[in-house]
Enquirer: 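Let me give you the structure first, and then I'll get to my questions.
Each chain gets a letter, A, B and so on, in the order the sequences are listed, and its residues count up from 1.
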Amino acid sequence: MPADLPIDVHKLEAQRRTKRDEVAQLGMLPYGQRTDDLLPLAEAHTHYDQAADKTFQEHKDPARDTRPRVKIAGRVTLHRDNGKLIWMNLRDNTRESFQIAVSKKDCDELGFSLAKLTDMGDILIAEGPLMKTRTGEVTCWASTLRPASKCLIPPPEKHAGLQDIELRYRQRYVDMWANPETTAVLELRSRVISAIRAFLAERGFLEVETPMLQTQAGGAAARPFITHMNALSIDLYMRIAPELFLKRLLVGGLPRVFEVNRNFRNEGLDKQHNPEFTMLELYQAFGNYETIMALTEDIVRHAARTASPAGAAILPFRDGRIDYEQPFDRITYADLFKQHLGFAITERDRVRKEAETRGLKVRTEAGVELDHWFLVNELFETFAEPKLHPYRPTWIMDYPASLSPLTRPKTSDPSLAERADLFIGGMEIGPHYTELNNPDIQSEKFREQLAGVDDEESTFRTFDEDFINALKVGMPPAGGMGLGIDRLIMLLANQPTIRDVIAFPMMKPLG
RNA sequence: GAGGACCUAGCUCAAUGGUAGAGCAGCGGCCUUUUAAGCCGUUGGUUCCGGGUUCGAGUCCCGGGGUCCUCACCA
């Protein structure tokens, strides 16, 4: 029993508090208690027995009532009070709507009183036989009804639901029951990640956990979040990638490792970027980028089958469909470039001229001419990459070595790197590499990277001496990849933004 | 970071610079097969915040906050 109401309580909340207290005064526990043997609403529905219902309707004899009884719980989404008969619709995560009826004659007295005091959004526990209404809807004809929890906050409009995008993200707990699609997406996410874990375990991959708090943020080129550790009086970085630690585990002798976890990048937010995001990163000793590409195709296909109600991995996305069953398309970086620009990436003069003609920046503010490979990539990303088929998973292979400093160059052509990026639905899903394992080359690349950064970046980019030491100990040749899990879920759940697949996306604080 | 749009009752949305409204929810009444139940009656506002222009501002102007979109940034 509440002593005093919070001062600024809204009138509608006050009314709900009053009803809650009336329920308590009647002798019920407004916030419920342990309840065993509850059926999910989707299952309750299937217990209906037509013959038993028919028999009961003919005799109306409680002693010969053989109709199956169910005990269920759910949140009230509709409430129709006909006086001595009250209809309600309950919702749980298994079923959007399941009807119960509470009649003055057939329900116990407490239950009927509770039905009278029920507001939309309350959580109730009902028990009773299953029957069919005149219109054929399977309904639980409650013989008892008890409270499980009170909803003190007025719920969204019952038909339009919660439309306000900001409120949906800020109050996901309301969004989830007001818009069942939200819950469905989060459940799909969970199932897909579980399926990926099981799939990898079956192929001999060991799931590991590596530091999220790091003394230097390595493994990617991104701005990290900085935090502070009191005990050691040092600043720490939230990791931007687990790569350098996973590779240390290869050095240590684990042949196949993966980690599915959060990375943190202190950069902008948009439809495809949240500051914390989930990545599957994976390494296989004695493999190369092609080994991993094949594995990734299997992973993505398996994930898509898990997500597909039909079992076959062909799923709608935006205005089209994506077929994950077919082998993914493959095209080299150089071919895709030539196809859409009309000349080769090696034609230096042509590249510079075309970049200028097409309005790209070809020199810095200070007048220094920009690097050839930088221009190539600008042209590529602006005019070639966007031309990829929007609904066909495609590998872009063999990036210029200059653009992939941490990747092993191709033995047959050292100007190209053994790197492939997977694109699906217009999104970059994950880079794949044959990893560098020569400590001297790695050491050199670290130095080049450090030299090339601006002042701001140089404050947090450092030379990872211990990682070089690990490579000196000897890492087997290996293939590796990072797969953006959030983006994969966007594809599989057909969601337009990364925030729709993250339960609690980053929002600016209010006030 | 730049540009554009938006913010009105608990929710979904209206309102030429001229009395802030509807539907749903709520409250009171009637109702034992309803389906967004129905019928009668009824309450409800810091129009995101702060300034300004004006006889008069939800509406126009300036500043701030938040959200969305586009672009930029982004292995």
Side-chain angles (χ1 to χ4, degrees), chain A residues 8-16 18-19 57 76-89 97-107 112 115 119-121 131-139 141 151-171 174-175 178-179 218-224 240-241 243 263 265-275 277 279 281 361 377 381-382 399 402-407 417 419 421 428-433 445 449 454 456-457 481-482 484 496-497 499 505-511:
Chain A
D8 278 335
V9 72
H10 189 276
K11 182 179 167 189
L12 294 175
E13 178 178 338
Q15 289 169 347
R16 285 168 175 254
T18 302
K19 290 196 209 175
Q57 295 304 333
V76 177
T77 54
L78 292 172
H79 185 262
R80 299 179 290 281
D81 187 342
N82 287 21
K84 296 191 180 65
L85 178 62
I86 299 162
W87 301 90
M88 289 187 268
N89 290 67
S97 184
F98 183 76
Q99 180 167 273
I100 67 171
V102 183
S103 93
K104 186 168 173 59
K105 181 167 148 286
D106 297 323
C107 190
F112 186 75
D119 289 307
M120 289 207 277
M131 49 81 71
K132 249 186 195 176
T133 63
R134 278 180 196 157
T135 51
E137 181 166 354
V138 173
T139 300
W141 196 265
C151 178
L152 294 176
I153 304 295
E157 209 269 346
K158 64 186 179 186
H159 196 58
L162 186 61
Q163 295 299 319
D164 187 295
I165 290 175
E166 182 176 356
L167 273 181
R168 291 186 54 198
Y169 294 141
R170 286 194 193 276
Q171 300 189 17
V174 176
D175 182 33
N179 300 316
R223 285 158 215 273
I240 54 175
E243 171 165 349
N263 292 315
R265 297 188 181 174
N266 204 343
E267 284 157 8
L269 299 87
D270 62 33
K271 285 180 168 183
Q272 292 179 30
H273 296 84
N274 194 64
F277 63 100
M279 177 126 94
E281 201 157 307
K361 211 171 74 171
N377 205 43
E381 287 184 356
T382 313
Y399 279 63
S402 306
L403 299 173
S404 311
L406 300 183
T407 310
R419 166 182 166 190
D421 274 14
E428 187 181 4
I429 299 304
H432 291 57
Y433 306 99
K445 299 287 186 188
Q449 270 208 319
D454 59 33
E456 194 186 347
E457 287 191 45
M481 66 94 153
T497 80
R499 307 175 127 198
M506 176 61 62
M507 297 295 284
K508 271 198 190 182
L510 294 173

Enquirer: Looking at B:U12, does its base get a donor-acceptor pair with the side chain of A:Gln163 below 3.5 Å?
Expert: no

Enquirer: Take atom C1' in B:A5 and the same atom in B:A9, then report the distance between them in whole Å.
Expert: 24 Å

Enquirer: Rounded to whole angstrom, note down the C1' distance from B:C27 over to B:C69.
Expert: 41 Å

Enquirer: For atom C1', what is the distance between B:A75 and B:C6, given to the nearest Å?
Expert: 35 Å

Enquirer: Would you please name every residue forming a side chain to side chain donor-acceptor pair (under 3.5 Å) with A:Asn82, sequence neighbours left out?
Expert: none

Enquirer: Across all strands shown, which nucleotide pairs with B:G50 by Watson-Crick or G-U wobble geometry, both distances under 3.5 Å?
Expert: B:C62

Enquirer: Sticking with atom P, work out how far B:U59 lies from B:G18, rounded to a whole angstrom.
Expert: 11 Å

Enquirer: Report the residue (A:Lys105 or A:Ala160) whose heavy-atom-nearest nucleotide on RNA chain B is the more 5′ of the two.
Expert: A:Ala160

Enquirer: Which residues pass the side chain to side chain donor-acceptor pair (under 3.5 Å) test with A:His79, not counting sequence neighbours?
Expert: none

Enquirer: Between atom NZ in A:Lys445 and atom C1' in B:A75, what is the gap in whole Å?
Expert: 14 Å

Enquirer: Please determine, for B:G38, whether a Watson-Crick or G-U wobble partner exists with both distances under 3.5 Å, and give it or none.
Expert: B:C30

Enquirer: Collect all protein-nucleotide pairs involving nucleotides 4-10 of chain B in which both atoms are nitrogen or oxygen and the distance is under 3.5 Å.
Expert:
unit_1: B:G10; atom_1: OP1; unit_2: A:His10; atom_2: NE2; d: 2.7

Enquirer: Quote, to the nearest angstrom, the C1' distance that separates B:G38 from B:U47.
Expert: 34 Å

Enquirer: I need the minimum non-hydrogen distance between A:Gly218 and A:Ile240, along with the two atoms involved.
Expert: O-CG1, 3.5 Å

Enquirer: Considering just the side-chain nitrogens and oxygens of A:Lys508, establish if one lies under 4.0 Å of OP1 or OP2 belonging to B:G66.
Expert: yes

Enquirer: Are any of A:Lys11's side-chain N or O atoms less than 4.0 Å away from OP1 or OP2 of B:G44?
Expert: no

Enquirer: Can you find a donor-acceptor N/O pair under 3.5 angstrom joining the side chain of A:Arg80 to the base of B:U34?
Expert: yes

Enquirer: Given the C1' atoms of B:C60 and B:U54, what is the spacing between them in whole Å?
Expert: 9 Å

Enquirer: Taking any heavy-atom pair under 4.0 Å as a contact, classify A:Glu137: base, sugar-phosphate, or nothing.
Expert: base

Enquirer: For the pair made of CD in A:Glu13 and C1' in B:U43, what is the distance, rounded to whole Å?
Expert: 18 Å

Enquirer: Kindly write out the residues that satisfy side chain to side chain donor-acceptor pair (under 3.5 Å) with A:Arg16, not counting sequence neighbours, or none if the list is empty.
Expert: none

Enquirer: For A:Asn89 and B:A25, what is the distance between atoms CG and P respectively, to the nearest whole Å?
Expert: 13 Å

Enquirer: Please tell me which of the listed nucleotides, B:A36, B:U34, B:C27, lies nearest to the side chain of A:Leu78?
Expert: B:A36

Enquirer: If pairing requires Watson-Crick or G-U wobble contacts with both distances under 3.5 Å, which nucleotide is the partner of B:C71?
Expert: B:G1

Enquirer: On a whole-Å scale, what distance lies between the P atoms belonging to B:C30 and B:A22?
Expert: 26 Å

Enquirer: Of A:Lys132 and A:Arg419, whose closest RNA chain B nucleotide lies nearer the 5' terminus?
Expert: A:Lys132

Enquirer: Ignoring hydrogens and geometry beyond distance, is the side chain of A:Thr133 in donor-acceptor contact with the base of B:U35 at under 3.5 Å?
Expert: yes

Enquirer: Restricting to salt bridge (charged side-chain N to carboxylate O under 4.0 Å, His left out), what partner residues turn up for A:Arg265, sequence neighbours left out?
Expert: none

Enquirer: Expressed as a whole number of angstroms, how long is the span from A:Met131:CE to B:U32:C1'?
Expert: 11 Å

Enquirer: Go through the structure and list residues passing side chain to side chain donor-acceptor pair (under 3.5 Å) with A:Asp164, not counting sequence neighbours.
Expert: none

Enquirer: Side chain of A:Glu166 only, heavy atoms from C-beta on: which candidate in B:U33, B:A25, B:G66 is closest?
Expert: B:G66

Enquirer: B:G23 pairs with which nucleotide, Watson-Crick or G-U wobble, both distances below 3.5 Å?
Expert: B:C11

Enquirer: Considering just the side-chain nitrogens and oxygens of A:Arg265, establish if one lies under 4.0 Å of OP1 or OP2 belonging to B:C73.
Expert: no

Enquirer: With rounding to whole Å, what would you report as the distance between B:G56 and B:A14 at their C1' atoms?
Expert: 22 Å

Enquirer: From the options B:U12, B:A72, B:U32, select the nucleotide whose nearest atom is closest to the side chain of A:Asp270.
Expert: B:A72

Enquirer: For B:G26, does OP1 or OP2 lie under 4.0 Å from any side-chain N or O of A:Lys19?
Expert: no

